[in-house]
Structure formats: C-alpha cells, structure tokens
Amino acid sequence: MTWTVPNNRKLFGKKTAEVDMQIMDLSISGALLVGPLIDVVRCGSRVPFLYEGSHGVAEVRHIRSADDVPDYANGAYYGVVFINLPSKLKDLVFDHIADRRGQRNEDLQEIWNHAD
C-alpha cells in the first residue's frame, strides 16, 4: 500500500510524496500499517492511498512508535479506518474472510451489498 502525503522537502518541485506502507493487519473497516514516521500525518488526518493501482482514502485513528520493527529505525504503527475502500482491497479482505469461514467470496459480496 502506498500513501500520498504532503512533501515538506518539495524535491524536484513535487508537492506530494509517495510512501510505502506495510499491512500488518486488515479488516473490512480498517487496517494496522507500519511504515516510516511521517511528521505531517496526525490522528484525524485523511490520507489518500494506492493499492494495486486502485485509489482509496483512509483516516488515521492512532499512531505509535514501531521501535520493535527492525526494518524501521524511525518507524510508526498507523491504525486507520477506511473512508473509501478500493474494490481490489475489499476483494482481498473478503478472500481471507471466506477462507476462514469456508464460504465463497460471492456469498460475502452479497452480504456486503445488502449492508448499505
């Protein structure tokens, strides 16, 4: 998953920067992500993201240090709630739920469509 955030350095005239985030946990309503600590992202920030070519928006609900993750010297965990969930990411969530429940993705898709 790639976040699009304001670029404070404005390298090469770009006003935004793309930051790769790793998905640690995922649900239909949100996710726990780990990545570099981003100064401009705070609790309540709405962050546009890209997942396999599809755009979405998430709201950051909590941020905490990721000192326990060896790959991130200055990293953070981000708890996010999806505001706009791309269909590719929704399909990934449904596939995992279906595997655990022994159901087909189509069954869960039908439930989701009636939840509105």
Side-chain angles (χ1 to χ4, degrees):
M1 177 180 290
T2 304
W3 280 12
T4 303
V5 296
N7 183 2
N8 286 339
R9 296 182 191 152
K10 294 187 178 55
L11 299 174
F12 310 110
K14 293 183 179 180
K15 294 182 181 178
T16 59
E18 292 186 351
V19 179
D20 288 331
M21 305 298 281
Q22 182 178 353
I23 299 172
M24 303 298 289
D25 195 12
L26 184 64
S27 76
I28 196 63
S29 61
L32 177 63
L33 309 172
V34 68
L37 182 62
I38 305 167
D39 293 337
V40 295
V41 175
R42 295 179 173 80
C43 290
S45 296
R46 289 199 174 187
V47 182
F49 67 88
L50 189 65
Y51 179 78
E52 292 187 3
S54 297
H55 295 275
V57 178
E59 183 176 309
V60 177
R61 291 293 175 97
H62 69 267
I63 303 170
R64 71 176 176 88
S65 174
D67 295 335
D68 57 335
V69 180
D71 295 340
Y72 293 100
N74 191 22
Y77 289 105
Y78 297 89
V80 300
V81 174
F82 297 122
I83 304 299
N84 181 354
L85 184 64
S87 60
K88 288 184 180 182
L89 191 54
K90 183 169 74 170
D91 289 344
L92 175 68
V93 172
F94 284 163
D95 286 342
H96 284 289
I97 293 171
D99 287 344
R100 291 194 175 135
R101 291 189 177 175
Q103 294 177 313
R104 296 185 324 270
N105 188 336
E106 296 82 19
D107 295 337
L108 295 170
Q109 187 71 26
E110 185 66 24
I111 293 169
W112 173 265
N113 290 336
H114 289 295
D116 292 335

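Looking only at side-chain heavy atoms (C-beta outward), L33 and F49 stay at 4.5 Å or farther from each other. Side chains of F94 and I28 form a contact here, defined as non-hydrogen atoms less than 4.5 Å apart. Counting only heavy atoms from C-beta outward, the side chains of T4 and V47 never approach each other to under 4.5 Å. Counting heavy atoms from C-beta on, the side chains of M21 and V34 never come closer than 4.5 Å. By the 4.5 Å heavy-atom criterion applied to side chains, Q22 and M24 are counted as neighbours.
With sequence neighbours excluded, the residues forming a side-chain contact (heavy atoms from CB on, under 4.5 Å) with L26 are I23, A31, F82, L89, L92, V93, listed by chain and number. By the salt bridge (Lys or Arg N to Asp or Glu O under 4.0 Å) test, E18 is found to be paired with no residue, residues two or more places apart in sequence or in another chain being considered. Taking the side-chain hydrogen bond (donor to acceptor under 3.5 Å, both in side chains) definition, one finds that S27 meets it with S29, sequence neighbours left out.
Heavy-atom minimum distance, I63 versus A76: CG2-CB, 4.0 Å. When every heavy atom of V19 is checked against every heavy atom of P36, the shortest pair comes out as CG1-CG, 3.5 Å. Shortest non-hydrogen contact noted between V41 and V5 is CG2-CG1, 3.8 Å. Looking at every heavy atom in both residues, V60 comes nearest to R42 through CB-O, 3.7 Å.
Applying the side chain to side chain donor-acceptor pair (under 3.5 Å) test to residues at least two apart or on different chains, none of the pairs has a partner in residues 48-57. Within the structure, side chain to side chain donor-acceptor pair (under 3.5 Å) pairs that include any residue of residues 76-86 comprise D68-Y77 (at least two apart or interchain).
Atom CG of D20 and atom OG1 of T2 lie 4.5 Å apart (nearest 0.5 Å). One distance of note links CG of L50 with NZ of K88; it measures 9.0 Å at 0.5 Å rounding.
When hydrophobic side chains of Ile, Leu, Val, Met, Phe, Trp and Tyr are connected at separations under 4.5 Å, V57 ends up clustered with I83.
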